Every structure is written in C-alpha cells, then in structure tokens.
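Below is one structure, written out as structure tokens, with a few remarks after it.
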Amino acid sequence: MDHLCFDPTKIDKLQDLRERGVTVYPYTFERRDTVGEIKERFSGIGHEKSAEEVSTAGRIYVVREHGKTIFADMGDADGRIQLYLRKNDLGDEQFDLFRQYVDAGDIIGVVGHVFRTKMGEITIWVDRFELLAKSVCPLPEKFHGLKNVETRYRQRYLDLIMNEESRETFRTRSRIISLLRQFLFERDYLEFETPTLQPVYGGANARPFTTHHNALDQKLYLRIAPELYLKRLVVGGFEKVFEIAKNFRNEDIDTNHNPEFSMVEIYEAYRDYNDMMDLTEEILSYLAEKVRGSATVPFAGHDLDFTRPWRRLSMEEAVQEYGGIDVRAHTVEELRAFAREHGVEGCESATTRGEYLVLFFEHFGEKQLIQPTFVYDFPIENSPLAKKHRTKEGMTERFELFIAGMEMANGFSELNDPLDQKARLELQDARRRRGDLEAQMIDYDFINALGYGMPPTGGVGIGIDRLVMLLTGKDSIKEVLLFPQMKTAVVGPNGGEPGQDGSEE
RNA sequence: GGGCCUGUAGCUUAGUCGGCAGAGCGACGGACUCUUAAUCCGUAGGCCAAGGGUUCAAAUCCCUUCAGGCCCGCCA
C-alpha cells in the first residue's frame, strides 16, 4: 500500500489546467444557495427554466456525458442535485473545459437556472461554472461505493464523502451532544473544562496513558476521568456542574471500547444517588424521544423501551434473580464453592462477600439486562469514591445503568467525608502497590478539598459513545467514532519521530 | 492472551477439487443535445497483503508475519 493515492492522469489534468491559466484552487466562491434550499424552493418547478438565478457549489459525484450535453450529479452537505450543461449555452471553451477536466470528486461552483427534466428530476441548467478544487485522488465506485470496513475507519473523510448513512450517524452524534448540552444548560448546570494532563490520575479504576512534560521535567497522565476535578468545583461553590470529557484508558480495543472515549459527568450539590438515577432517566428518555422521535428504539434485535420509570433493583436482588443465590445468606466459603460450581471467572483473589457479589452480578446479571435497568447498592470494596450506604452495612450508595447488556452510566452519592476518603484511597494505593494496575492513586489535594467541606452531592457519568450507538442502532463503537483507534498500517516518509533523520523543520 | 473468518485492478468482486487471473464500475480514446447504475465501440490497468516452504506447476495446499472483522478473556 503506497502512502499517496494521487492519480497520475489527474495530476496531468491539473498541470494542463494551470498551463491554460485556470485557477485550480481559487480562494472563494459566492455560494448563495445550498442544494437543500434549491430543492425546497423549486419543489413545484415545471419543465421551463426558472426566471430566478441560483448559485451553488459542491462535489461532483457522477458525470454522464451525452455528446453536446452533460449531466452530472453534485452534492453538498444537504444532499445531491443534478446539473445540466449544454455546449450551446456554455460556449465551446467552458463546455470543453468541463468535458475534459472536470471529474467525479472535483468541487465546483455553478450559476444557472432551475428546471425539471422530462424524467421529472429537479436540475440546475448551468450557465457558467468554476472549478473550486481539483481532486487528484480517485473516488470509489459510484454504485457500490466504499464498503471496506478498514478503509472506512482509516479514511473516514472518504467514508463520509461516499456513504450517506455514515454521514447521518455522525450528524446524529453531533445532535445528541448538542441536545445534551441544551438540556443541562436549561436546568442551570455550568459546563467546565478540567485538566486532561494530570499529575495524579483518579476518578476510575483503569490503567492510564503516561507522558512527560519536558519543561517541568515531570511525569503526567492522560486523565481516565474528570471526576476529582469536578468535585473540587463543587467544593468551590459551583453547585451544578458538568463536563463532556474525553477520557483515556490504556486498555484493549473491542466493539464497546476505544482507548479514548467521551463521557459526560454531572455533579449536583444537595442531591443523592436516587436523584441522579432520576436525572439519568430523564436525560436519556429525552434524548431518545428527540433523536428517534419515539420512546422505543430498535437495537441489535431488541426494542429498547425508554418509557419512564425504568426498572431499578439492588445488586443483591439482581444476583438473587439471575444467579439464584442470596449472597448475604452464605459464608464466603460457600460463595467460593458456588462460584467454582458455576465457572465464575476472577474468583482467585476474591476474599469478601462484596467481591463475590460483584463477580456474580457480572457473571449472571449484566448481559441479561436489555431494557434500561438501574442496578444499585454496590459493595464498598469496588467503590472508593462512593458514600457509605445510609443503612446497608458494607455497601455504598452507587448505581449503574445497563441497556442492551452494556454499562451506560455510573453514579453515586459522592463520598464527602475526608477521613473516609483518605482511608479508601490509601486502601486503593496499597492495592496498586501490590500490583493491581487499575487501582487508584492517592490524590492528597483532592482529599484536602474535601477537607474544606463538600456539600452532600450526587454525581453521574454517562458514556456518550455507547449512547450514540444505542440511538443510531450501531453495534460497534467504531461506527460512532469519527476516527477510531487503529494500528498504524504504513509509516510514510514523514511518519518517524522528529529529529531522528536529521530533517528537522 | 485464545478461537473463528477476511485480505485479488482505484472501487465492488468472481476464481480456493493446484494448470495462461476474469468481470462490472471507474480511468483513457471515440460516437451521441433530457440522461440518471445513461448507452454504444475501442484501449490500458494485477508482485493475487508480505515472506518462506511443498510441487513439473501455487491466488489456490502448508508455515510465519502484517492488517482488519466477529466471538471469548481482560477491562468501565
């Protein structure tokens, strides 16, 4: 695979054009109309040319030469429209210029009048055109288009040029994020940006990416979550905050995971995890309704019903229902035997009832939860940032939302007891030192922040990529990420590290 | 990390009982003044992902590597 796709015959055409004095890459074009506007405005047009002149621009997709006339399909962000060019009207020079030098893939501007062809298609009768950008790479085939999954991910721009479905998916993604912001702004949440480069990472259990700041000569981590910084803002007095954050986790890649992914985290003072479940429910059903126009969303063979209220059950209830065991009624030894019997993975290191509860839930419950379901009350062992349960010993006030077997959200009554937080992070740090690569570091400044007093606070994080998957019906996260992480295929001549081959800029 | 599958022209692909690598679209040249997967005539384009092996002979069989997809493990 070569690193450039330039087509020699197209390069030749470009040179010819320059020799003929044509500006191949002009600076501007007065576009007065978009394709969508034209189609709408002239939806009732007949076979006679419109009196009104239109001026629009876009990419040529198909050219159908027809002797002394040419038909071409041109598309912009709104859609495609047909162009009609006649030698009589354009004059020999312009007509031959188009015929010889304008190809599928080129971007042109046209001025003309609108009419409807005998076959009934709204068409621009072109009076003059201007080349706006010459394409030197061949476009994929007009009929089958670009299907190769790898190329679609690696050259997303080409996917977007060729596949309307893909374009629609990302339009929807943009809309979801915009609606989410709007929803939160309308309710007086403030949006902030907190550090992506962090000296101490925290807020989740995950392996980080590590980097280095040269001037500070200091190790920095790419954030795995914005959580600890957003809670500092609540300490500071911002009572309703959120961030739409890119998080980075150094983990394997699959249909539900990308090393960098987007998450919205929301914190609100004087709220608890029950309130955050309500908020999550409200946001997601609002988005489903706005984006799909319905409370029911088809996904992977299921009809997901976002109608409120959603099912809520405690993790113990979930394990009882799906695993058939009451964890509290058994000793740790009995739980271990039960785990072995049912082939529950990851039990080697489990020593407490709480750890078994989580393992059983993951083994028996998680994949069964298709319709939106909150699972609440998690054992304290795995929830170092969640507040101890107000009544249940050994538990925290934490919930997760599952839809289509995927974890969609995670929230809790935030731990605001600085002494408890210190103890829990010390426990995490001890685990980390024993080799648990996902355990958290101690962020003393964060503990100090809590030391100044954080009001009772509810928080939740919602995975945006997975949400977009649900609402667009895509079963791979790569389909909803514009540029999913891929292994580098070919290193071009400039692909190496700077300064290694002496060709510094 | 384990299993299954895929990689052939710019794109979409046929060919995998081993026997000259084919097509459609696209490109290039020509004809055509309402076509729309335009049509018609002609031309060029392939290290069959890369490397090694078996064989008289390999796109095809075997091994290794690379990249991708799906499933599992790990993981929010």
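Worth saying up front: this structure is predicted, and the values here are computed from it rather than measured.
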Taking the same atom, P, in G15(B) and in U8(B), what whole-Å distance lies between them?
14 Å
Using the C1' atoms only, state how far C75(B) lies from A37(B), rounded to an integer number of Å.
46 Å
With respect to the phosphate group of [N], does any side-chain polar atom (N or O) of [X] fall under 4.0 Å of OP1 or OP2?
X	N	value
Thr255(A)	C71(B)	yes
Arg154(A)	G68(B)	yes
Lys487(A)	A67(B)	yes
Lys478(A)	G69(B)	yes

Let me know the distance between NE2 of His363(A) and P of C72(B), rounded to the nearest Å.
13 Å
Whole angstrom is fine here: how far is it from NZ in Lys68(A) over to C1' in U39(B)?
17 Å
Just checking [X]: base, sugar-phosphate only, or nothing, at a heavy-atom cut-off of under 4.0 Å?
X	value
Met162(A)	nothing
Gly145(A)	sugar-phosphate
Tyr61(A)	nothing
Arg398(A)	base
Tyr84(A)	base
Ala204(A)	nothing

Which residue, Asp73(A) or Glu141(A), contacts RNA chain B at a nucleotide closer to its 5' end, judged by nearest heavy atom?
Glu141(A)
Between Glu438(A) and Thr9(A), which is nearer to the 5' end of RNA chain B once each is assigned its nearest nucleotide?
Thr9(A)
Residues, nucleotides or ligands: over 12 heavy atoms within 6.0 Å of Glu282(A) CD
yes
